[in-house]
Amino acid sequence: MTLDWDVFCRSTTGGGLLAGCFGQGGEASYLQWLLSAWGWTAAVAALGFLLALALGTVVGTLRTLPQRPWLARPAAGWVELFRNIPLLVQVLLWYHVAPFFFAPLKALPSWLLAATALGLFTSARIAEQVRAGIQSLPRGQRDAALALGMDMPQAYRHVLLPVALRTMIPTITSEAMSSVKNSSVAFAVSVAELTQFAMQAQEETSRGIEIYLAVTLLYAATAFAVNRLLSSIEAGLRVPGVGAAARSGS
C-alpha cells in the first residue's frame, strides 16, 4: 500500500485534482480545509488558554487567603467543580444545557462555547498551580512587603505574584500545550477544527492514514511552537544571577 498525498489537492466537492492544490470559484481543496481547521484549533486553544490563565490566576490567588474564608471557600469550590467534570461533558453542557437557562447563549457560535468550556476546565488546573506557587514562597516575602507599608493586594500584585508566576512558567507551558490537545473536544459541537476535519475527510476520501498523519503532525507542531514560545518568555523573565548561582553551588 502506498501513500497518496495528492488527496489534499483534491476538490472537496468533485474529488478531482486541483492545480496548485487550491481551488477557484468557490471550489476548495482538502488542503484548504485542513489549513482552515488548523486555524480553528488554534483559535479555540488560544482563547481557552487565555481565559484559563486570567481566571486561574484570580482563583488561585484567592485560595491563598485563609484569613478571608468568604473568598477562599468559593475559590476552592470553583476548582473542585470544574476539574471534576470531564471536559467533553462541560462542552456539551455549555452547548446544549446552558442556553436553555440563559437564552443569549443561543446566539453565540459553537467555537466560542467550546473555548469557554476549555477555559473553565483549564482554569481549575492553573488555579491549583498558582496556589502552590504562592504558598511555596517564603513567608518572609509577604511579611516584608507588609512591613514596607503595602496592603495585602499591593503585596500580592507587586511582590508575591510576580515571583510566583516566574516559577510557574514550566507548568503553565504544559497547560498551554494541553489546551492545544484538549481543543479537539470541540468536534463534539461541530466546530470545524482538526479532529472534525480528520473524521469527515477520512469518510469522504477513504485515505485515513494520510489524513490522520497530517492532523497528528499539525497538533505536534502547534504544541511544540507553544512550548518554544513560552520557553523563550521564561528565559526573558528569569531573574539575573539565579541560574548562575544555582550552577555554582551544585
Side-chain angles (χ1 to χ4, degrees), residues 40-66 68-95 97-98 110-137 156-157 160-189 191 193-195 219-235 237-238:
W40 283 114
T41 289
V44 170
L47 181 58
F49 175 71
L50 292 176
L51 178 62
L53 187 60
L55 291 175
T57 300
V58 173
V59 173
T61 300
L62 294 178
R63 292 208 66 190
T64 64
L65 300 173
R68 293 178 172 83
W70 55 278
L71 291 175
R73 288 173 183 171
W78 176 285
V79 171
E80 295 304 321
L81 174 64
F82 287 108
R83 76 175 178 178
N84 289 321
I85 300 176
L87 176 56
L88 180 57
V89 174
Q90 293 190 41
V91 170
L92 295 175
L93 286 173
W94 274 94
Y95 187 76
V97 179
S110 58
W111 69 268
L112 185 56
L113 295 176
T116 300
L118 175 60
L120 295 175
F121 175 81
T122 309
S123 72
R125 299 171 57 87
I126 291 180
E128 285 296 88
Q129 294 161 7
V130 171
R131 178 187 63 82
I134 293 175
Q135 292 181 339
S136 69
L137 299 178
Y156 271 88
R157 187 175 64 193
L160 301 178
L161 276 175
V163 177
L165 289 175
R166 288 183 179 188
T167 65
M168 289 160 38
I169 290 180
T171 56
I172 290 177
T173 298
S174 296
E175 292 303 328
M177 296 171 67
S178 294
S179 292
V180 174
K181 296 178 287 185
N182 289 338
S183 67
S184 62
V185 300
F187 86 92
V189 291
V191 178
E193 45 75 60
L194 285 174
T195 300
Y219 272 121
T222 305
F224 181 76
V226 169
N227 178 281
R228 292 296 86 201
L229 174 62
L230 291 179
S231 294
S232 65
I233 293 176
E234 179 186 7
L237 294 178
R238 184 177 296 120

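Atoms considered below: every heavy atom in the structure, side chains included; atoms not considered: hydrogens, waters and symmetry mates. Not measured: the values here are computed from a predicted model. Heads up: numbering here begins at 1 and tracks the sequence.
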Would you say that more than 12 heavy atoms from the other residues, nucleotides or ligands in this model lie under 6.0 Å from the CZ of R125, or not? no

Matching residue for T64 among L137, L71, L160, I134 - test: side-chain contact (heavy atoms from CB on, under 4.5 Å): I134

Hey, are the side chains of I233 and T173 touching, using non-hydrogen atoms and a 4.5 Å cut-off? no

Does any non-hydrogen side-chain atom of V91 lie less than 4.5 Å from one of F121? no

Which residues satisfy the side chain to side chain donor-acceptor pair (under 3.5 Å) test with [X], sequence neighbours excluded?
X	result
Y95	none
T222	W38
Q129	E175

Inter-residue atom distance L51.CG - L53.CG, 0.5 Å rounding: 9.5 Å

dist W111:CH2 -> T116:OG1 (nearest 0.5 Å) comes out at 8.5 Å

For A114 versus A186, what's the shortest heavy-atom pair and its separation? CB-CB, 3.8 Å

List the atom of L87, the atom of A117, and the distance in Å for their closest heavy-atom pair. CD1-O, 3.8 Å

Would you list the atom pairs, donor with acceptor, under 3.5 Å between side chains in residues 73-85 and any protein atom, with sequence neighbours excluded?
{"residue": "W78", "atom": "NE1", "partner": "S123", "partner atom": "OG", "Å": "3.1"}
{"residue": "E80", "atom": "OE1", "partner": "N84", "partner atom": "ND2", "Å": "3.1"}
{"residue": "E80", "atom": "OE2", "partner": "R83", "partner atom": "NH2", "Å": "2.8"}
{"residue": "N84", "atom": "ND2", "partner": "E80", "partner atom": "O", "Å": "2.7"}

Quick check: does any side chain N or O of T122 sit under 3.5 Å from a backbone N or O of A52, one acting as donor and the other as acceptor? no

Using the ring-ring contact (aromatic ring centres under 6.0 Å, His included) criterion, which residues pair with W94? Sequence neighbours excluded. none

Who pairs with V226 by side chain to side chain contact (heavy atoms under 4.5 Å, CB included), at least two apart in sequence or on another chain? A176, M177, V180, L230

